[in-house]
Structure formats: C-alpha cells, structure tokens
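In this chain, numbering begins with 1 at the start of the sequence shown. Please read these numbers as outputs of a predicted model, since none were measured by experiment.
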Amino acid sequence: MSGSELEDTVSAQSSVDLVTIAQAMHWFDLHAFYQVKWILKKPYGVIVAWCYTIPEVNDSVDSVLEQFHSIDSEPFWEPRLKLIDDKYRSINFPFEAVEGADHTGPFKFVAEKLMDLDEYLTYLRSWSAYQTAKTKGCGATER
C-alpha cells in the first residue's frame with residue numbers, strides 16, 4: 001500500500017499517537033507493518049502489542065494442558081503461533097525504548113475469568129489447532 005493509499009484509508013502521515021495490536025501481531029508481515037507504522041506514527045508515537053497465552057488453573061490442570069498444548073496438539077498449530085508461546089519476546093521490535101522508562105516491556109498483565117468445566121472445554125475447542133485437527137478428522141476432537 002502506498003503512502004497516499006494509507007492516508008486515504010487509515011490516517012494522515014505522522015498523525016498517529018498510539019498503535020495497538022491485540023492478539024494479531026503473529027499474523028503480520030512484520031517488515032511491511034514496520035514500514036506502515038513509520039509512515040503513520042508521530043515522532044514520539046508508541047506501539048503496543050499484546051497476546052494471551054494458555055490459561056493457568058492450578059498445577060494439576062496446567063501440567064495436563066501444557067502437554068496437550070505443546071505435544072499432543074503441536075502438529076496442528078500454525079508455526080507463527082510459536083510467537084505467542086514466546087509471549088512475543090522473540091519478535092524484533094526495531095524501535096527506540098520510551099525515554100525515561102526503566103523498562104519498556106514486555107510486561108505481564110493478568111486477566112482472570114472464572115469458568116466451569118464446560119466453559120473451559122469450549123474455550124479449548126475454540127483453539128485453531130483443535131479446529132484444524134477436527135477438520136482433518138482426528139477422532140479425539142469428538143465430544
């Protein structure tokens with residue numbers, strides 16, 4: 001997309017204070033995104049990207065889920081999703097740190113949700129790896 005197309009569809013050049021990316025940066029062509037960001041953001045604009053990882057319940061449940069996530073369902077995950085497993089730490093952010101800040105990330109924030117077992121399993125069935133396995137006819141995906 002050209003600079004003029006960006007201005008027509010997104011915003012004027014050097015007009016963006018904050019770029020936020022929620023649970024999506026792993027799908028980006030990062031080189032192209034970084035070029036767009038430099039065109040749109042103001043000189044002291046900020047980029048914030050976040051993702052959520054596998055849920056934590058307790059040691060017993062977490063150990064089973066970790067095996068399911070990293071071993072059993074591993075063949076069905078898109079390779080780009082490894083960036084989430086690494087909590088985006090392996091993404092090269094070619095930007096200057098915020099001046100005066102001791103630490104500019106990554107930061108951990110916690111979102112809590114109380115779920116019963118059916119809600120928890122429904123969440124797991126929403127995973128793309130589960131959907132891929134189901135599409136490929138893996139019997140373990142049946143309820």
Side-chain angles (χ1 to χ4, degrees), residues 1-42 44-98 101-143:
M1 187 177 285
S2 71
S4 62
E5 289 173 317
L6 283 171
E7 289 188 33
D8 289 344
T9 59
V10 180
S11 185
Q13 186 169 341
S14 300
S15 65
V16 176
D17 290 306
L18 175 66
V19 176
T20 61
I21 307 154
Q23 192 66 13
M25 194 155 189
H26 49 280
W27 298 119
F28 288 10
D29 172 339
L30 293 175
H31 178 74
F33 168 71
Y34 294 152
Q35 298 307 312
V36 168
K37 186 217 175 269
W38 284 119
I39 292 169
L40 294 178
K41 83 168 196 65
K42 289 181 177 178
Y44 295 100
V46 175
I47 179 173
V48 177
W50 65 91
C51 62
Y52 57 87
T53 59
I54 63 174
E56 297 173 4
V57 177
N58 61 42
D59 290 343
S60 298
V61 173
D62 295 351
S63 65
V64 172
L65 183 59
E66 178 57 35
Q67 177 174 331
F68 174 71
H69 175 265
S70 62
I71 297 170
D72 301 332
S73 64
E74 196 277 331
F76 303 105
W77 288 109
E78 288 283 335
R80 291 178 180 214
L81 294 175
K82 297 244 184 259
L83 294 171
I84 293 175
D85 293 339
D86 189 43
K87 300 174 181 149
Y88 286 173
R89 286 183 290 232
S90 59
I91 294 177
N92 176 31
F93 287 92
F95 313 114
E96 292 181 35
V98 176
D102 291 335
H103 181 57
T104 59
F107 297 102
K108 178 180 181 179
F109 64 93
V110 177
E112 294 184 5
K113 172 150 176 60
L114 185 61
M115 295 182 189
D116 62 25
L117 181 58
D118 189 52
E119 291 170 318
Y120 184 76
L121 295 175
T122 297
Y123 166 72
L124 297 181
R125 286 190 293 269
S126 76
W127 285 1
S128 60
Y130 176 90
Q131 296 300 320
T132 299
K134 186 176 177 181
T135 300
K136 292 185 176 195
C138 291
T141 61
E142 298 305 315
R143 232 181 158 184

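Proximity of a side-chain donor or acceptor of S73 to a complementary backbone N or O of A129 within less than 3.5 Å is not detected. Under the 3.5 Å distance criterion, the side-chain polar atoms of W77 are left unmatched by any main-chain donor or acceptor of S128. Side-chain N or O atoms of Q67 include none that pairs as donor or acceptor with a backbone N or O of V64 at under 3.5 Å.
In this structure the side chain of L121 reaches within 4.5 angstrom of the side chain of L124, judged on heavy atoms. Q131 places none of its side-chain heavy atoms less than 4.5 Å from the side chain of F76.
The two atoms that bring L65 and I54 nearest to each other are CD2-CB, 4.3 Å, heavy atoms only. T53 and Y123 make their closest contact through O-OH, 4.2 Å (heavy atoms, listed as atom of the first residue, atom of the second, distance).
Interatomic distance, CD1 of I91 versus CG of L83, reported as 4.5 Å (0.5 Å rounding). Separation of atoms CG (D62) and CG (N58) is listed at 6.0 Å; rounding is to 0.5 Å. The structure places OH of Y130 at 5.5 Å from CZ of R125, a figure rounded to the nearest 0.5 Å. In this structure, the separation between OG on S90 and CG on D85 is 9.5 Å, given to the nearest 0.5 Å.
Residue D59 places its CG atom among 12 or fewer non-hydrogen atoms of other residues, nucleotides or ligands, all under 6.0 Å distant.
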Next item on the list: Assess whether side chain to side chain contact (heavy atoms under 4.5 Å, CB included) is satisfied between V48 and L18, documenting all intermediate values.
Entry: CA-CA 7 Å; V48 177; L18 175 66; 3.6 Å; yes

Next item on the list: Test side chain to side chain contact (heavy atoms under 4.5 Å, CB included) on V61 and Y120 and set out the steps.
Entry: CA-CA 11 Å; V61 173; Y120 184 76; 3.7 Å; yes

May I have the list of side-chain donor-acceptor pairs in residues 20-30 shorter than 3.5 Å, sequence neighbours left out?
| unit_1 | atom_1 | unit_2 | atom_2 | d |
| --- | --- | --- | --- | --- |
| Q23 | OE1 | Y52 | N | 2.8 |
| H26 | ND1 | Y88 | OH | 2.7 |
| D29 | OD1 | H31 | N | 3.3 |
| D29 | OD1 | A32 | N | 3.2 |

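Ring geometry for F109 against W50 counts as perpendicular: the plane angle is over 60°, on a 0 to 90° scale with 30° as the lower cut.
With hydrogens and angles left out, the side-chain atoms of E74 and S70 include no donor and acceptor closer than 3.5 Å.
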